[in-house]
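Here's the structure we're looking at; comments come further down.
As the structure is a prediction and not an experimental result, all values here were calculated from the model. All values below come from the heavy atoms of this structure, side chains included, with hydrogens, waters and symmetry mates left out. Letters A, B, ... mirror the listed sequences (proteins, then strands); counts begin at 1.
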Number of protein chains: 2
Amino acid sequence: MASVTPADRPPLGLRERKKIKTRRAIRAATYALIEEQGYDATTIEQIADRAEVSPSTVFRYFPTKEDIVVTDAWDPVIPAELRARPRDESWADVLRHVMRTALDVSLAVEPEVTRLRSRLGVEVPAVRARMTESMAATGRLLREALAERSGLDPDSLELRVFAMSVMGGLMEVSHYWAETGHQDDVRDLVDRALDVLEHGLATGKP
Amino acid sequence: MASVTPADRPPLGLRERKKIKTRRAIRAATYALIEEQGYDATTIEQIADRAEVSPSTVFRYFPTKEDIVVTDAWDPVIPAELRARPRDESWADVLRHVMRTALDVSLAVEPEVTRLRSRLGVEVPAVRARMTESMAATGRLLREALAERSGLDPDSLELRVFAMSVMGGLMEVSHYWAETGHQDDVRDLVDRALDVLEHGLATGKP
DNA sequence: TGATGATTGAGAGTTACTGTCGATTTCATG
DNA sequence: CATGAAATCGACAGTAACTCTCAATCATCA
């Protein structure tokens, strides 16, 4: 796998270190408050108070409240992995590996947050919307990757439709996982979803 | 086709007629203002002024600003069509017919609005989010229809993933249509999209 | 140490949306 | 036609997510 470190280490000034700490504090405060009170009842002011920064600062770090929940330092992992997979691998296998890597990392580093996030994706429309946006962004990356592999035009309707349909299917996995109380191993669910996306529905009457 | 009238005609009291008129006035005012000034620059207050109602009334008719743009009286057409298709028709053909009917109606009744809407779906994140929500709702209906036809459990991961992937692909058609300046006939685009969703990508190297 | 540029906090303003209440209008009934 | 019930409406007050600006502070580097 390419790089599984969220940011590059090298010479990290005090300024940068503080920024990372502040960002972390805001996210932690947000998750704690949401667990306690729910998403809607949690205001930016409360988040700022608990993180010991001003409301302005919260908005300086995250453009919207949803972004605090949805985005994290691991987001660049998916694109990197996407590019790193061998050329001759089928698109389904590429996604299988990429998704597994991303999920392994996420579940290992912050398992509760991973679950909370998928739950909020079901329960809070605004969060779901934000997730859909980043899914669409990933879809565009997938499109590039698929274009390279297939030789098709990345801007063709066909490739666009295909990529977004795959991402739509994967999004549904997250909702299913949350709605069934996180009983299953998400990675198994992803595998099953990719089987459907690759081979179509097994209707029982072929 | 089942019923291509938005609402039932029969005995329509003055009260009902006024409601319909108000609703129409709000939508018309909104579209006009958006054409003039853009979406974000258009406030509820302006909409209320032009529609000659109070802001409270606007919110009484539409829960959010996005809803004014996205929802219309034709929305129930799709579910109805979905149920009306013959049992032995393939899912792709079902969708082909349903989508064509919906688009024929929409393009015939208010062609500019149909285009404006898809454009706003590309340009305005909030509108896009609202569209995604109604797409998801349609996806659930599609799931029911597919379950009946295939005998699969409508709540199974497989069927859920499949239905949402199809809807994701169709959503992309709208974006493609808008981004390419509405050059193409959307109905052709839908046909091409359904071909991809049914048979997968034609990679050129089979 | 002192200059410089980045980061922050305070505060004011906008707007979407919520909830309430009294006034008006429509409708069904006598 | 009159009257009472119910629906609808407008006015108003309130909340919270953002946006912008400006002055103060703080890390960095010469």
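In this structure, Leu141(B) CG and Leu82(B) CG are separated by 6.5 Å, a value rounded to the nearest 0.5 Å. With rounding to the nearest 0.5 angstrom, the CZ atom of Phe59(A) is 4.0 Å from the CD1 atom of Ile44(A).
Atom CD of Glu52(A) is separated from atom C1' of dT8(C) by 15 Å (rounded to the nearest Å). If you measure from atom CD of Gln37(A) to atom P of dT15(D), you get 16 Å, rounded to the nearest angstrom. In this structure, Asp49(B) places its CG atom 13 Å from C1' of dG10(D), rounding to the nearest Å. One can place CZ of Arg23(B) at 17 Å from C1' of dC9(D), the figure rounded to the nearest angstrom.
Remark: the His182(B) side chain and the Ser118(B) side chain contain an N/O donor-acceptor pair separated by less than 3.5 Å. Side-chain contact, Glu66(A) with Tyr39(A): a donor N or O sits under 3.5 Å from an acceptor N or O.
Contacts of Phe62(A) with the nucleic acid, taken as non-hydrogen atoms under 4.0 Å apart, are absent.
In terms of heavy-atom proximity, Gln46(B) sits nearest to Ala41(B) at OE1-O, 3.4 Å. Between Glu123(A) and Arg128(A), the shortest heavy-atom contact is N-NH1, 4.4 Å. Residues Arg143(B) and Pro154(B) approach most closely at NE-O, 2.8 Å, considering heavy atoms.
Between Asp185(A) and Trp177(A), every side-chain heavy-atom pair lies at or beyond the 4.5 Å cut-off.
Nearest nucleotide to the Lys19(B) side chain, out of dT7(C), dT8(D), dT8(C): dT8(D).
Using five terminal pairs a side, the axes of the helix from dT1(C)-dA30(D) to dG30(C)-dC1(D) at its two ends make an angle of 10°, given in steps of 10 degrees.
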Open item on the list: Across nucleotides 17-30 of chain D, 5' to 3', mark each nucleotide with B, S or - according to how protein heavy atoms within less than 4.0 Å reach it.
Closed with: SBB------BBS--
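For Tyr61(B) and dC9(D), the shortest distance from a side-chain N or O to OP1 or OP2 is below 4.0 Å.
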